[in-house]
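This report concerns only the one structure given below.
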Amino acid sequence: MNIGDAAKRAGLPAKTIRYYEDIKLIRPDRDANGYRAFSDKDLHKLTFLSRARALGFTIENCRALLALWEDQSRASADVKRIAGEHLAEIDRKIADLQSMRDTLGSLVQNCAGDGRPDCPILRGLEEPR
């Protein structure tokens with residue numbers, strides 16, 4: 001299949017597929033005319049990459065996961081380690097966002113929002129963390 005068909009079936013923009021090829025995540029065959037020819041295996045890899053990226057895995061994580069997927073003698077512990085590290089990073093980000101929300105919520109709650117110049121939000125922003 002050509003890149004347009006592969007893009008549609010994998011749910012990825014053709015530009016992303018070209019990028020994945022540039023960084024050697026996928027290596028589709030080329031027809032005699034030089035056009036990319038995607039196989040079912042390429043499509044499976046693209047779908048795999050699309051799902052991994054949607055879950056927030058980095059390109060390097062995707063590279064490692066794809067290598068593990070291709071390695072039939074892999075240890076599931078290696079896959080679990082990568083996923084566990086990523087999950088811990090997501091948890092850190094959630095905690096940071098919750099802290100930001102709590103701080104901003106408190107500042108908004110304490111601001112009268114009237115015509116007076118006194119503003120707890122601005123005071124809060126000028127304070128060091």
Side-chain angles (χ1 to χ4, degrees):
M1 74 191 82
N2 65 29
I3 194 167
D5 293 334
K8 188 178 294 182
R9 291 180 61 187
L12 291 169
K15 184 176 182 176
T16 299
I17 295 173
R18 286 186 203 96
Y19 172 67
Y20 289 165
E21 183 182 13
D22 287 346
I23 63 172
K24 310 282 191 267
L25 279 176
I26 59 164
R27 293 182 176 94
D29 291 332
R30 295 284 180 155
D31 286 335
N33 60 9
Y35 291 131
R36 293 169 186 86
F38 292 89
S39 67
D40 286 339
K41 186 175 180 179
D42 293 324
L43 181 61
H44 187 79
K45 285 181 182 181
L46 290 169
T47 303
F48 180 98
L49 291 166
S50 176
R51 181 74 173 132
R53 293 293 288 155
L55 289 171
F57 284 102
T58 66
I59 291 294
E60 287 313 309
N61 285 152
C62 288
R63 187 179 307 282
L65 289 168
L66 199 54
L68 288 166
W69 173 76
E70 291 176 325
D71 179 4
Q72 296 304 306
S73 64
R74 69 185 167 263
S76 64
D78 295 333
V79 179
K80 186 174 182 175
R81 178 187 51 77
I82 293 168
E85 288 171 359
H86 182 55
L87 182 59
E89 180 62 26
I90 290 171
D91 287 340
R92 282 189 292 275
K93 288 179 182 180
I94 289 172
D96 289 346
L97 286 170
Q98 187 61 51
S99 176
M100 288 168 49
R101 189 195 186 295
D102 292 347
T103 300
L104 186 56
S106 177
L107 292 171
V108 168
Q109 181 72 31
N110 292 323
C111 182
D114 55 19
R116 294 178 295 159
D118 180 49
C119 182
I121 298 170
L122 294 176
R123 275 197 321 272
L125 292 175
E126 69 186 9
E127 293 175 3
R129 289 173 119 185

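It should be emphasised that the depicted structure is a prediction, and the values quoted were computed from it without experimental measurement. Hydrogens, waters and symmetry mates play no part in the numbers below; they use all other heavy atoms, side chains included.
- A salt bridge is absent between R27 and E21: the closest approach of a Lys/Arg side-chain nitrogen to an acidic carboxylate oxygen does not fall below 4.0 angstrom.
- With hydrogens and angles left out, the side-chain atoms of N61 and T58 include a donor and acceptor closer than 3.5 Å.
- Under a hydrophobic clustering in which Ile, Leu, Val, Met, Phe, Trp and Tyr are joined whenever their side-chain heavy atoms come within less than 4.5 Å, directly or via other members, Y19 and L46 fall into the same cluster.
- I59 and L68 fall within the same hydrophobic cluster, where Ile, Leu, Val, Met, Phe, Trp and Tyr residues are linked whenever their side-chain heavy atoms come under 4.5 Å apart, directly or through other members.
- Just one residue in the list I26, I17, T16 forms a side chain to side chain contact (heavy atoms under 4.5 Å, CB included) with L49, and that residue is I26.
- Here the shortest heavy-atom pairing between P13 and A7 reads C-CB, 4.3 Å.
- Both V108 and L125 are part of a single hydrophobic cluster, where members link through side-chain heavy atoms under 4.5 Å apart.
- How far NE2 of H44 is from CZ of R9: 12.5 Å, rounded to the nearest 0.5 Å.
- When all heavy atoms are compared, the tightest approach of G11 to S50 is O-OG, 4.4 Å.
- In the hydrophobic clustering of ILVMFWY residues, with side-chain heavy atoms under 4.5 Å counting as a link, L12 and W69 come out together.
- Interatomic distance, D91 CG to H86 NE2, rounded to the nearest 0.5 Å: 10.0 Å.
- For the pair R74 (side chain) and D71 (backbone), a donor-acceptor distance under 3.5 Å is present.
- For the atom pair NZ of K45 and CG of L25, the computed distance is 9.0 Å after rounding to the nearest 0.5 Å.
- When every heavy atom of R18 is checked against every heavy atom of R36, the shortest pair comes out as CG-NH2, 3.6 Å.
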message: Could you walk me through whether M1 and L43 satisfy the side-chain contact (heavy atoms from CB on, under 4.5 Å) test, starting with their C-alpha distance in whole Å, then the side-chain angles of each, then the deciding distance to 0.1 Å, before giving a yes or no?
response: CA-CA 9 Å; M1 74 191 82; L43 181 61; 4.1 Å; yes

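- Donor-acceptor pairing under 3.5 Å is lacking for the side chains of S99 and D96.
- Within 6.0 Å of atom CZ in R101, 12 or fewer heavy atoms from other residues, nucleotides or ligands are found, so the atom counts as exposed in its surroundings.
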field: R53 vs F48, side-chain contact (heavy atoms from CB on, under 4.5 Å): CA-CA, chis, key distance, verdict
entry: CA-CA 9 Å; R53 293 293 288 155; F48 180 98; over 6 Å; no

task: Go through the steps for I82 and D78 under the test side-chain contact (heavy atoms from CB on, under 4.5 Å), then give the verdict.
output: CA-CA 7 Å; I82 293 168; D78 295 333; 5.7 Å; no

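- In this structure, R116 pairs ionically with D114, as a charged nitrogen and a carboxylate oxygen lie closer than 4.0 Å.
- Atom CD of Q109 has 12 or fewer neighbouring heavy atoms from other residues, nucleotides or ligands inside a 6.0 Å radius.
- Across A37 and D31, no two heavy atoms sit closer than the pair CB-OD1, 3.4 Å.
- The pair R123-E127 fails the salt-bridge criterion, with no side-chain N (NZ, NE, NH1 or NH2) lying under 4.0 Å from an Asp/Glu carboxylate O.
- Between the side chain of N2 and the main chain of D5, a donor-acceptor pair closer than 3.5 Å is present.
- Atoms OG1 and CE, on T103 and M100 in that order, are 9.0 Å from each other to the nearest 0.5 Å.
- Atoms CD1 and CG, from I94 and L87 in turn, are 8.0 Å apart once rounded to the nearest 0.5 Å.
- Heavy atoms only, all atoms of each residue included: G124 and L107 are closest at CA-CD2, 3.9 Å.
- Note that NZ of K93 is 5.0 Å distant from CD of E89, once rounded to the nearest 0.5 Å.
- Both F57 and I23 belong to a common hydrophobic cluster when Ile, Leu, Val, Met, Phe, Trp and Tyr are linked at side-chain heavy-atom distances under 4.5 angstrom.
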